[in-house]
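Taking it in order: structure first as structure tokens, then the write-up.
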Amino acid sequence: MKVGFIQMEPKLLDLNANLSKAEKLLKEAARQEAQLVVLPELFDTGYNFKSKEEVEEIAQQIPDGETTQFLIEQAKEHEMFIVAGTAEKDEKGKLYNSAVLVGPIGWGYIGKYRKIHLFYREKLFFEPGNLGFHVFNIGMAKVGIMICFDWFFPEAMRTLALKGADIVAHPANLVMPYAPRAMPIRSLENRVFSITANRIGEERGLKFIGMSQINSPKAEILLRASEDKEEVGVVDINIEEARNKKINDYNDIFKDRRPKYYFV
């Protein structure tokens, strides 16, 4: 299965410019025959908001808003599955840092995830996610979704793995240097593939680190992007590697768990 990331520099509060850029980069991913592509967190809006009012003006409903409809059309055109981070406004006007999963003809809108662990000033604008961690079956694989700072909490990726994820899609707007080093270990300890799609650039003094990457269940960095260039990265993975939780003849990382001793 061919999976990939899109590393891009969104333009703050410019929906049309961001969708146009994503369209070009998705076309390149399709040229590389990607079947699943992950875009960054808040790829359509930018990140470093000054006020809640800025978010309210650009956030959209899922799935009826312009961003999700754009992604659905792109998925149909390129015959791929897409995970992308977006600012969501629900029917009551509440704001969430969300990600959507869409697919090709016959699939369309599949589902969404709302970021559970909000980072720094996100707490001024967004409600904490309330939908829990879910794994979506896209036929060829089972995909779990977490967003950016969720990686800092091992329970997030472990929950997705225990629910059957083969791949964890990880839209991100990383500013701290740790995730590119940590995500291979998150993949190892859960024996899953992970796809971190980060952004680049600087926004109102906040600098993003790039280094989007795809990691294997053996902690291998299969592909890593630069720190400062827009890139499309695609690799071929063997999903079966994520379904074997054995590390030797005696140890299975899930069967060996002893949850009754893990509580404080």
Side-chain angles (χ1 to χ4, degrees), residues 1-8 18-19 21-44 62-86 88 98-115 131 133-148 150 157 160-161 163-172 187 192-199 212-217 222-223 225 231-243:
M1 177 181 179
K2 288 193 173 183
V3 302
F5 58 73
I6 285 175
Q7 178 167 288
M8 60 181 280
N18 295 329
L19 297 188
K21 180 177 288 188
E23 183 175 9
K24 293 176 184 177
L25 294 168
L26 284 165
K27 187 175 295 184
E28 171 58 24
R31 189 189 67 79
Q32 297 185 42
E33 300 179 339
Q35 297 163 280
L36 169 67
V37 177
V38 184
L39 284 88
E41 176 184 17
L42 300 173
F43 89 97
D44 57 336
I62 297 174
D64 296 327
E66 185 176 349
T67 292
T68 307
Q69 290 301 308
F70 160 81
L71 292 168
I72 290 170
E73 290 304 312
Q74 291 295 304
K76 289 179 179 178
E77 179 179 347
H78 298 307
E79 298 183 356
M80 63 171 59
F81 292 90
I82 301 172
V83 176
T86 182
E88 177 191 3
S98 297
V100 297
L101 171 62
V102 299
I105 294 172
W107 292 83
Y109 171 70
I110 298 170
K112 67 183 175 184
Y113 163 70
R114 291 170 171 166
K115 188 175 183 179
L131 299 178
F133 291 104
H134 291 284
V135 173
F136 303 92
N137 190 337
I138 62 170
M140 64 195 89
K142 293 181 178 180
V143 179
I145 302 173
M146 64 183 194
I147 298 175
C148 203
D150 283 331
M157 201 150 164
L160 291 170
K163 288 187 173 185
D166 303 310
I167 302 168
V168 172
H170 182 216
S187 291
V192 297
F193 291 94
S194 63
I195 308 169
T196 296
N198 195 28
R199 63 159 291 174
S212 300
Q213 61 187 38
I214 301 172
N215 304 298
S216 84
L222 302 177
L223 186 63
E231 299 180 40
V232 176
V234 178
V235 297
D236 202 350
I237 64 172
N238 178 4
I239 288 297
E240 292 303 319
E241 290 182 31
R243 296 172 180 170

Checklist entry - Run the side-chain contact (heavy atoms from CB on, under 4.5 Å) check on M157 and F133 step by step: do they pass? => result CA-CA 9 Å; M157 201 150 164; F133 291 104; over 6 Å; no
Item to check | Point-to-point distance, once rounded to the nearest 0.5 Å, from CZ of F193 to CE of M1 | outcome: 10.0 Å
Checklist entry - If you measure from CZ on R31 to CG on L26, what distance do you get to the nearest 0.5 Å? => result 13.5 Å
Item to check | Criterion side-chain contact (heavy atoms from CB on, under 4.5 Å) on Q35 and M140, from CA distance to verdict | outcome: CA-CA 10 Å; Q35 297 163 280; M140 64 195 89; 3.8 Å; yes
Next on the checklist: Could you check whether any side-chain N or O of E88 sits under 3.5 Å from a backbone N or O of I62, counting only pairs where one atom can act as donor and the other as acceptor?
Outcome noted: no
Item to check | Non-hydrogen atoms of S212 and N198 that approach each other most closely | outcome: OG-N, 2.7 Å
Checklist entry - What heavy-atom pair brings T196 and A172 nearest, and what distance separates the two atoms? => result CG2-CB, 4.2 Å
Checklist entry - Is it true that a side-chain atom of T86 and a backbone atom of L42 form a donor plus acceptor pair closer than 3.5 Å? => result no
Checklist entry - Hey, does the side chain of K76 reach the backbone of G108 with a donor-acceptor pair shorter than 3.5 angstrom? => result no
Item to check | Heavy-atom side-chain contact between V38 and I6 under 4.5 Å | outcome: no
Checklist outcome for this item: So CG of L222 and OG of S194: to nearest 0.5 Å the spacing works out to 8.5 Å
Next on the checklist: Side chains of D150 and Y113: any donor to acceptor distance under 3.5 Å?
Outcome noted: yes
Next on the checklist: Taking the basic N atoms (NZ, or NE/NH1/NH2) and the acidic carboxylate oxygens, is any pair closer than 4.0 Å for R243 and D166?
Outcome noted: yes
Checklist entry - Can you tell me how far OG1 of T68 sits from CD1 of I82, rounded to the nearest 0.5 angstrom? => result 11.0 Å
Checklist entry - So does K115 pair up with E41, basic N to acidic O under 4.0 Å? => result yes
Checklist entry - Considering only heavy atoms from C-beta outward, does the side chain of K142 approach that of I138 to under 4.5 Å? => result no
Item to check | Qualifying residue, where the test is side chain to side chain contact (heavy atoms under 4.5 Å, CB included) with I237 and the options are I195, I167, L36 | outcome: I167
Next on the checklist: Angle between ring planes, F81 versus W107, binned at 30° and 60°: parallel, tilted or perpendicular?
Outcome noted: perpendicular
Next on the checklist: Can you confirm whether L19 sits close enough to E66 that some side-chain heavy atom of one is under 4.5 Å from a side-chain heavy atom of the other?
Outcome noted: yes
Next on the checklist: Using the rule given for side-chain contact (heavy atoms from CB on, under 4.5 Å), can you reason through V3 versus V234, listing the C-alpha separation, both sets of side-chain angles and the distance that settles it, and then say yes or no?
Outcome noted: CA-CA 6 Å; V3 302; V234 178; over 6 Å; no
Checklist outcome for this item: Value for CG (L131) from NZ (K112), rounded to nearest 0.5 Å, stands at 6.0 Å
Next on the checklist: Just so I know, are the side chains of I145 and F136 near enough to count as touching, which here means a heavy-atom distance under 4.5 Å?
Outcome noted: yes
Checklist entry - Heavy-atom distance under 4.5 Å between the side chains of N238 and E241, does that happen here? => result yes
Next on the checklist: Minimum heavy-atom separation for M80 and A34, please, with both atom names.
Outcome noted: CB-O, 3.7 Å
Checklist entry - Crowded around K24 NZ? As in, over 12 foreign heavy atoms under 6.0 Å? => result no
Checklist entry - Considering all heavy atoms of both residues, which atom of V102 and which atom of L71 are nearest to each other, and what is their separation? => result CG2-O, 3.6 Å
Next on the checklist: Less than 4.5 Å apart, side chain to side chain, heavy atoms only: is that true for M8 and R199?
Outcome noted: no
Next on the checklist: Tell me the closest heavy-atom pair linking L160 and H134, and the distance in Å.
Outcome noted: CD2-O, 3.4 Å
Next on the checklist: With a sphere of 6.0 Å drawn around CD of Q32, does it hold more than 12 non-hydrogen atoms of other residues, nucleotides or ligands?
Outcome noted: yes
Item to check | Exam field: side chain H170 to backbone C148, donor-acceptor pair closer than 3.5 Å | outcome: yes
Item to check | Pairwise distance CD(Q69) to OG1(T67) - rounded to 0.5 angstrom | outcome: 10.0 Å
Next on the checklist: side-chain contact (heavy atoms from CB on, under 4.5 Å) for H78 and V37? Distances and angles first, verdict last.
Outcome noted: CA-CA 11 Å; H78 298 307; V37 177; over 6 Å; no
Checklist entry - Shortest non-hydrogen contact from I110 to G103? => result CD1-N, 3.9 Å
Checklist entry - Under 4.5 Å between any side-chain heavy atoms of S187 and P217, yes or no? => result no
